[in-house]
Enquirer: 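Dumping the structure here so I can ask a few things about it.
For ligands, and for the atoms within them, numbers begin at 1 and follow the listed sequence.
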Amino acid sequence: MAINFQVTTMNSYSVKELLSENLLLQEVTINGWVKTFRSNRFIALNDGSTINNIQCVVDFESFDEDVLKQVNTGAAVKITGTLVESQGKGQKVEIQVTGLTIHGGADPETYPIQPKKHSLEFLREKAHLRIRTNTFAAIMRVRSALSFGVHQYFQQNGFNYFHAPIITGSDAEGAGEMFKVSTLDSKNPPLTEDGNIDYKEDFFGKETNLTVSGQLEAETYAMALGKVYTFGPTFRAENSNTSRHLAEFWMIEPEMAFFDLNDNMDLAEDFIKNVIKYVLENCQDDLQFLEKRLLDEEKTKPQAERSEMPLIEKLKFVSENSFKRVTYTEAIDILRNSKPNKKKKFKYPINEWGADLQSEHERFLVEKHFKCPVILFDYPATIKAFYMRLNEDGKTVRAMDILFPGIGEIVGGSQREERLDVLKEKMAALGIDEEELWWYLDLRKFGSAVHSGFGLGFERLVLFATGMGNIRDVIPFPRTPQNAEF
Ligand code: 4AD
Ligand code: MG
């Protein structure tokens, strides 16, 4: 390792450095993977540091034929040479190669990532190699930048990063879509007298699951540290095979003491805008590439299905304009009187107040009616989780969802019920055991206060920022029903 370190600090550069710093006429070393090798002379080399390649010019007479034969797409090589102004078009600088070493070849007969168009479906099956394509490298660099932007936003705004447990005994969303965590012998589990599985014998002495949300635990920390956020993996065993659902996804959950629903909405909007600005400022090359990719992809689609704005313009639009805020009740009125509802175009027609909104309704509101991100709030209590604060009307709760064009729901949040008696009543009505959430109820007994928070699905944000259409393409190794390869 020490040798490597020395090499990288001496004259070894990344492609990004070679292209952006003034290193003309210097002797440089670079390691990377061959994208293409043209005319036995031009190697396009990439090392993942940028979407751009560096052109390396080889004088084939000066190199061993056996070495040159191994310069195939996908091979890992080390190149030494002088950085000069390029003679050709398409790049400012190039390397005149004096030294060429093959780290590892890639047999063109069997290496699946050849320099041609591969379908996203094909690449999903090669998830360990798809990152070698321009598209996936760009997506994952944007994903990385977005993560940093998330941390930067919260750290600069006085939030503490809170690590929620991954294994939990509570079901935050009450939806029962949890993955069990158990070390019991599934073929021969210990049974209680009445024939049920005896979880007292299990590793934790009780039933445990992978978390669906760190919210309940985050609330305990907000009620001491004031402002906290989680950013970690969450798991849902919902059998939704859609382009918006994963069984394992990353969620960002800020939780703030002394914030009401309006403060919560203000924060969520400001947060999303800032994170998008962060990628606009830091990922220009990748965004330009992804914008062009999207335009090419959409050429094959009918006009009506194409995006209204190119990617970068859309990101700017969202980061610079106010989100529209409307109550659930107003939204239902709009939907009930909408053309698709009257013409029976919705799969789920909107008839009554109280219906849960389907993604077709959310997308109508955002994409057709308001044409901007929308925050819906004050939902019927019956379609939302137990912990949301009941309004004075006794039938709606202080919930809010943020809906995004092309995505649908990107954020779900609420002001939390801070009144012990109201919370207990609500839990009793839903059959939630007080014993199980004794610690959650304690927060309402000792120093309770107004507090709020929300959860943003990180992959949905990455989808939006990259213009990709399927959530399986914005997480390195997607976990979906019937699929946990790699
Ligand atoms: O709306 P949800 O279920 O809200 C909660 O879990 C709250 N406890 C959050 C909070 O208030 N702290 O999920 C939040 C967001 C959704 O808006 C969506 O963006 C994302 O998480 N999400 C998923 N993303 C990918 N795959 C799934 N299966 C998702 N389920 C939810
Ligand atoms: Mg939700």
Enquirer: Any pair with a residue in residues 279-320 that passes ring pair (Phe, Tyr, Trp, His ring centres under 6.0 Å), sequence neighbours left out, goes on the list, sorted by first then second residue, please.
Expert: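 Those involving residues 279-320 do not exist here.
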Enquirer: Answer with side chain, backbone, both or neither: which part of R244 has a heavy atom less than 4.0 angstrom from an atom of ligand 1?
Expert: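 Only the backbone of R244 comes within reach of ligand 1.
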Enquirer: Which atoms of ligand 1 sit under 4.0 Å from any heavy atom of G457?
Expert: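 Under 4.0 Å from G457, ligand 1 has these atoms: 15 (C), 19 (O), 20 (C), 21 (O).
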Enquirer: When you compare the side chains of S182 and D202, does any donor N or O come within less than 3.5 Å of an acceptor on the partner?
Expert: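 Yes, side-chain donor-acceptor contact under 3.5 Å.
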Enquirer: So is there a nitrogen or oxygen of I471 less than 3.5 Å from a nitrogen or oxygen in ligand 1?
Expert: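 Not met; the criterion fails.
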Enquirer: With a heavy-atom distance limit of 4.0 Å, tell me whether D401 approaches ligand 1 through its side chain, its backbone, both, or neither.
Expert: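 Looking at D401 and ligand 1, no heavy atom falls under 4.0 Å.
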Enquirer: Counting heavy atoms only, which part of R460 comes closer than 4.0 Å to ligand 1: side chain, backbone, both or neither?
Expert: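 It is the side chain that touches ligand 1; the backbone stays farther off.
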Enquirer: Please find out if the Mg ion (ligand 2) and some N, O or S atom of D401 are separated by less than 2.8 Å.
Expert: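 For D401, the answer is no, given that no N, O or S atom comes within less than 2.8 Å of the Mg ion (ligand 2).
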Enquirer: List every atom of ligand 1 that sits less than 4.0 Å from any heavy atom of V411, numbering the atoms from 1 in the order shown and giving each element.
Expert: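 Taking each heavy atom of V411 in turn, ligand 1 has 17 (O) under 4.0 Å.
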Enquirer: Should the proximity of E409 to ligand 1, defined as any heavy atom under 4.0 Å, be assigned to the side chain, the backbone, both, or neither?
Expert: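 Within the 4.0 Å criterion, E409 contacts ligand 1 through backbone and side-chain atoms alike.
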Enquirer: Is it the case that N264 and D260 place a side-chain donor and acceptor less than 3.5 Å from each other?
Expert: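 No pair is found: no donor N or O on one side chain lies under 3.5 Å from an acceptor on the other.
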Enquirer: A side-chain contact here means heavy atoms from C-beta on lying under 4.5 Å apart; do S359 and H361 qualify?
Expert: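 No - every pair of side-chain heavy atoms lies 4.5 Å or more apart.
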Enquirer: Show, in sequence, the C-alpha distance, side-chain angles and deciding distance for Y161 and H163, and conclude whether the ring pair (Phe, Tyr, Trp, His ring centres under 6.0 Å) test is met.
Expert: CA-CA 7 Å; Y161 184 21; H163 296 107; 4.3 Å; yes
Enquirer: Identify the residue among E434, E219, E418 that makes a salt bridge (Lys or Arg N to Asp or Glu O under 4.0 Å) with R444.
Expert: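 Looking at E434, E219, E418, the match for R444 under the salt bridge (Lys or Arg N to Asp or Glu O under 4.0 Å) is E219.
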Enquirer: Please could you name the atoms of ligand 1 that M251 approaches to less than 4.0 Å, counting only its heavy atoms?
Expert: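 Under 4.0 Å from M251, ligand 1 has these atoms: 6 (O), 13 (O), 14 (C), 15 (C), 21 (O).
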Enquirer: Start with the C-alpha gap between Y379 and Y328, add the side-chain angles, then the distance that decides, and say whether ring pair (Phe, Tyr, Trp, His ring centres under 6.0 Å) holds.
Expert: CA-CA 5 Å; Y379 280 81; Y328 166 90; 5.6 Å; yes
Enquirer: Backbone or side chain, does any N or O of S414 fall under 3.5 Å from an N or O of ligand 1?
Expert: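 No, since none of the N or O atoms of S414 sits under 3.5 Å from an N or O of ligand 1.
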Enquirer: Below 3.5 Å, N or O to N or O, backbone or side chain included: is there any such pair between F249 and ligand 1?
Expert: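 N/O-N/O distance below 3.5 Å does not exist for this pair.
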Enquirer: With heavy atoms of S213 as the reference, note each atom of ligand 1 found under 4.0 Å away.
Expert: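 Listed by number with element: 6 (O), 8 (N).
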Enquirer: Atom 2 (P) of ligand 1: which of R236, Q215, E253 has the nearest heavy atom?
Expert: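 Nearest option to atom 2 (P) of ligand 1, by heavy atoms: R236.
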Enquirer: Could you see which bit of F454 sits under 4.0 Å from ligand 1, with heavy atoms only: side chain, backbone, both or neither?
Expert: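 Backbone only.
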Enquirer: Number the atoms of ligand 1 from 1 as they appear, then name those within less than 4.0 Å of a heavy atom of G412, with their elements.
Expert: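 Answer for ligand 1: 1 (O), 9 (C), 10 (C), 11 (O), 17 (O).
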Enquirer: Distance check, rounded to the nearest 0.5 Å: I471 atom CD1 versus L463 atom CG?
Expert: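 If we round to the nearest 0.5 Å, I471:CD1 and L463:CG are 5.0 Å apart.
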Enquirer: Taking the non-hydrogen atoms of Y387, is any one of them nearer than 4.0 angstrom to ligand 1?
Expert: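 In this structure, Y387 qualifies as a contact of ligand 1 - some heavy atom is under 4.0 Å.
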Enquirer: Could you label the plane-to-plane angle of the Y278 and F148 rings as parallel, tilted or perpendicular, counting under 30° as parallel and over 60° as perpendicular?
Expert: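 Y278 vs F148 ring planes: tilted.
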Enquirer: Between N341 and S338, do the side chains contain an N or O donor and an N or O acceptor separated by less than 3.5 Å?
Expert: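 Looking only at side-chain atoms, S338 and N341 do not form any donor-acceptor pair under 3.5 Å.
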Enquirer: Where does R416 meet ligand 1, judged by heavy-atom distances below 4.0 Å: at the side chain, the backbone, both, or neither?
Expert: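 The answer is the side chain.
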Enquirer: Under 4.0 Å between a Lys/Arg side-chain N and an Asp/Glu carboxylate O for E417 and R419?
Expert: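 Judged by the 4.0 Å cut-off on N to carboxylate O distance, E417 and R419 do form a salt bridge.
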Enquirer: Find, among atoms of E409 that are N, O or S, the one nearest to the Mg ion (ligand 2), and state its name.
Expert: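 Result: OE2.
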Enquirer: Under a 3.5 Å threshold, yes or no: a donor from one side chain and an acceptor from the other, between K35 and N134?
Expert: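 Per modelled atom types, K35 and N134 side chains form a pair under 3.5 Å.
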Enquirer: Which bit of E459 gets closer than 4.0 Å to ligand 1, counting heavy atoms only: side chain, backbone, both or neither?
Expert: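 Neither part.
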Enquirer: Which of the listed options, A399, P478, G455, G413, holds the heavy atom that is closest to atom 10 (C) of ligand 1?
Expert: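 It is G455 whose heavy atom sits nearest to atom 10 (C) of ligand 1.
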